[in-house]
Amino acid sequence: MQWSNSSLLTSQLSEVFKDLIEKTYPELSKDQILASLEITPCRQSSLGHYQCNSALKLSKLLKDNPRSIAEKLSPKASNFIASCDIAGPGFINVTLSNAFLENALNTLIEDPRLGIKPTSNSKRVVVEFSSPNTAKELHVGHLRSTIIGDSLARLFEFLGHDVLRLNHIGNWGTPFGMLIQYLRIHQPEVLSGKEKTNLSHLANWYKESRKLFDNDEEFKKSSQKQVVKLQAHDPDAISAWNKICEISRSGYQEIYDLLDVKITERGESYYHKLLPKVVKLFEEKKLVEVSDGAKCIFLDNFVTKEGSPLPIIIQKTDGGYNYATTDLSALYQRINEEKADRIIYVVDNGQSLHFQMVFRAAKLAGYYKPDKIEVDHVPFGLVLGSDGKKFKTRSGDSEKLIDLLNNAIAKAADILKERESSSSHIDEASKVLGINAVKYADLSSLRTKDYMFSYEKMLQFEGNTAAFLLYAYVRIVSIQKKASFDFASLKSEKIVLSDPTEVELALMVLQLREILEAVAYSLLPNRLCDFLYQLAEKFNSFFRDCPVINSEHQNSRLLLCELVKRTFEIGFSILGLRTVSRM
Ligand code: ARG
């Protein structure tokens with residue numbers, strides 16, 4: 001599926017090399033030429049801006065050595081290309097011309113989106129993320145899902161797709177029977193709404209109710225009755241269930257507000273009515289086998305550790321449905337009712353097997369064709385403490401998410417107080433810095449790996465951190481302030497690149513699109529983080545080498561700073577990071 005349409009630097013270069021190959025080697029077919037085209041950023045920026053690897057790829061086909069092919073394929077200097085060098089076994093390194101880069105930048109001066117138009121090929125993208133379980137606190141795994149999912153949703157929105165953000169809350173099933181029964185006995189005022197409470201209390205009562213369920217036969221029986229009532233949509237049971245969901249919801253909302261995350265709740269209960277229909281669908285397709293009284297789907301190549309076939313159980317002997325049945329129904333609904341073109345599940349690594357099986361079963365049942373609809377599990381690793389073990393607080397309990405976020409904000413405040421005396425900005429700045437730090441630490445690490453949570457590291461002002469990036473951004477704001485930058489009066493001026501550090505910045509501004517598309521394809525936000533980190537470093541070199549105010553290049557440099565600032569802003573907003581104008 002294509003996620004882009006307009007022309008990137010790499011595609012412009014591809015055109016140049018395609019023409020050259022066609023002219024030099026008319027004997028090659030179109031497909032052979034296309035297959036040989038590979039343009040990547042130069043591995044060493046001192047050698048050029050981009051490299052073309054075609055000579056190496058064509059060597060076997062043309063029975064010639066790659067360096068001699070590279071010589072024939074080197075483009076002449078033009079308005080676009082300043083120079084070109086052959087390196088190593090036959091890489092063609094290309095340096096773009098200043099005139100081209102200046103011109104490209106100057107066309108962006110009045111464009112807040114830096115030339116990245118919303119796609120004309122808009123797709124319906126479902127991003128499912130966060131998805132905690134009712135009556136339980138969110139844990140750090142849900143935090144990762146929330147941060148990564150929000151960022152991917154923001155990216156697709158920015159690129160112009162129609163995004164549906166879904167919170168697949170675990171809000172249905174047997175645990176509600178125990179909790180309702182417990183609250184009826186011990187907290188009737190909570191159920192009636194007379195007494196207000198919060199998610200923390202609810203989570204404790206949930207634990208209590210489980211203890212009772214395991215140890216008290218009578219309690220167990222009445223809990224099971226509550227489940228039956230709930231499933232039969234008995235008004236009393238439903239009203240108790242609603243109360244529980246409402247208390248949980250306001251607990252989650254507190255966190256989403258702090259994180260500035262928008263998401264639509266669509267929990268497991270939403271698919272309740274669809275479950276029998278989906279089971280029937282699988283039965284009609286003859287994909288269901290009854291094993292020990294349970295309805296199962298057996299899939300090739302899925303086996304247990306012992307080597308016996310591993311089925312998806314879609315209906316238990318007692319008639320109850322499973323987690324997988326809900327997921328098969330949700331997928332069905334997203335394809336057939338939401339008309340999704342792409343569906344993304346941001347859920348931890350631990351559920352990979354589950355999703356592989358659900359997707360395989362759905363394909364077998366003919367829900368979707370992989371070339372028409374893209375369905376991806378976007379897995380992520382664990383959050384580890386500094387001891388390398390699963391992240392926990394000292395008490396041994398998983399730290400409450402809200403405490404963790406507030407801790408990050410408090411630590412950010414301490415750091416900011418140390419750095420500057422004026423306290424008027426500290427409240428706001430520490431909130432921004434603390435939350436940014438938590439988000440950025442997560443997004444900048446390769447999501448498929450476990451990542452180590454450290455307040456100390458994430459709040460540093462050096463290295464690949466939110467504070468380092470934000471600091472570069474704030475530098476630009478302060479240059480603009482000192483220069484009384486007035487965009488309206490400068491926008492008709494032109495950018496001229498006179499210093500190598502300016503050329504490097506120019507190139508990065510023009511590469512933003514390439515990076516966003518690479519992230520939309522790979523679903524790896526750390527690539528955008530790496531890019532912004534490089535941008536910050538390059539901006540710092542520019543700041544060191546190029547005076548702005550009162551230099552002969554003041555206007556040009558102010559405009560260049562403005563484009564860099566917008567590059568940061570677009571990047572930050574896609575990562576869900578907020579900015580400050582002072583630090
Ligand atoms: N509620 C689940 C949990 O906390 C995550 C749900 C993931 N999404 C899904 N469609 N199964 O582990």
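Numbers here are sequence positions counted from 1. First listed ligand is number 1; within each ligand, the first listed atom is number 1.
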Student: Quick test of your reading of the structure: of G350, S131, A324, G267, whose heavy atom lies closest to atom 5 (C) of ligand 1?
Tutor: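 Ranked by closest heavy atom to atom 5 (C) of ligand 1, first place is S131.
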
Student: Considering only heavy atoms, which of Y323, F129, Y345 lies nearest to atom 7 (C) of ligand 1?
Tutor: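 Going through Y323, F129, Y345 one by one, Y323 has the nearest heavy atom to atom 7 (C) of ligand 1.
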
Student: Hey, which atoms in ligand 1 end up nearer than 4.0 Å to a heavy atom of V347?
Tutor: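 Answer for ligand 1: 7 (C), 8 (N).
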
Student: With a 4.0 Å cut-off on heavy atoms, is Q351 in contact with ligand 1?
Tutor: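 So Q351 counts as touching ligand 1.
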
Student: Decide whether a cation-pi geometry holds between R334 and Y367; the criteria are a distance under 6.0 Å from NZ or CZ to the six-membered ring centre and an angle within 45° of the ring axis.
Tutor: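 Checked: cation-pi criterion not met.
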
Student: State whether Y252 and R249 meet the cation-pi test: NZ (Lys) or CZ (Arg) under 6.0 Å from the six-membered ring centroid, and within 45° of the perpendicular axis.
Tutor: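 So R249 doesn't make the cation-pi contact.
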
Student: For K411 and L459, which heavy atoms make the closest approach, and how far apart are they?
Tutor: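 The answer is CB-CD1, 3.6 Å.
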
Student: So which bit of F355 gets within less than 4.0 Å of ligand 1, heavy atoms only: side chain, backbone, both or neither?
Tutor: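 Only the side chain of F355 comes within reach of ligand 1.
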
Student: In the protein, what heavy atom is nearest to atom 4 (O) of ligand 1, and what distance, to one decimal place, separates them?
Tutor: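 Nearest neighbour among protein heavy atoms for atom 4 (O) of ligand 1, to 0.1 Å: H142 NE2, 2.9 Å.
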
Student: Count the heavy atoms of every other residue, nucleotide or ligand shown that sit under 6.0 Å from CG of D292, and state whether that count exceeds 12.
Tutor: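 No, the 6.0 Å shell around CG holds no more than 12 heavy atoms from other groups.
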
Student: So, do H377 and F359 have ring centers that fall under 6.0 Å from each other?
Tutor: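 They do not qualify: ring centres at least 6.0 Å apart.
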
Student: Give me the residue, atom name and distance of the protein heavy atom closest to atom 1 (N) of ligand 1.
Tutor: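 Result for atom 1 (N) of ligand 1: N133 OD1, 2.7 Å.
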
Student: Can a salt bridge be assigned to the pair E569 and R578 using a cut-off of 4.0 Å between side-chain N and carboxylate O?
Tutor: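 No, this pair does not count.
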
Student: Name the closest protein heavy atom to atom 8 (N) of ligand 1, giving the residue it belongs to and the distance to 0.1 Å.
Tutor: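 Of the protein heavy atoms, E128 OE2, 2.8 Å lies nearest.
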
Student: Give a yes or no answer on whether the side chain of D318 reaches the backbone of G320 with a donor-acceptor pair at less than 3.5 Å.
Tutor: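 Present.
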
Student: Could you check atom 10 (N) of ligand 1 against the protein and tell me its nearest heavy-atom contact, residue, atom and distance included?
Tutor: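 For this ligand atom, the closest protein heavy atom is D327 OD1, 2.7 Å.
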
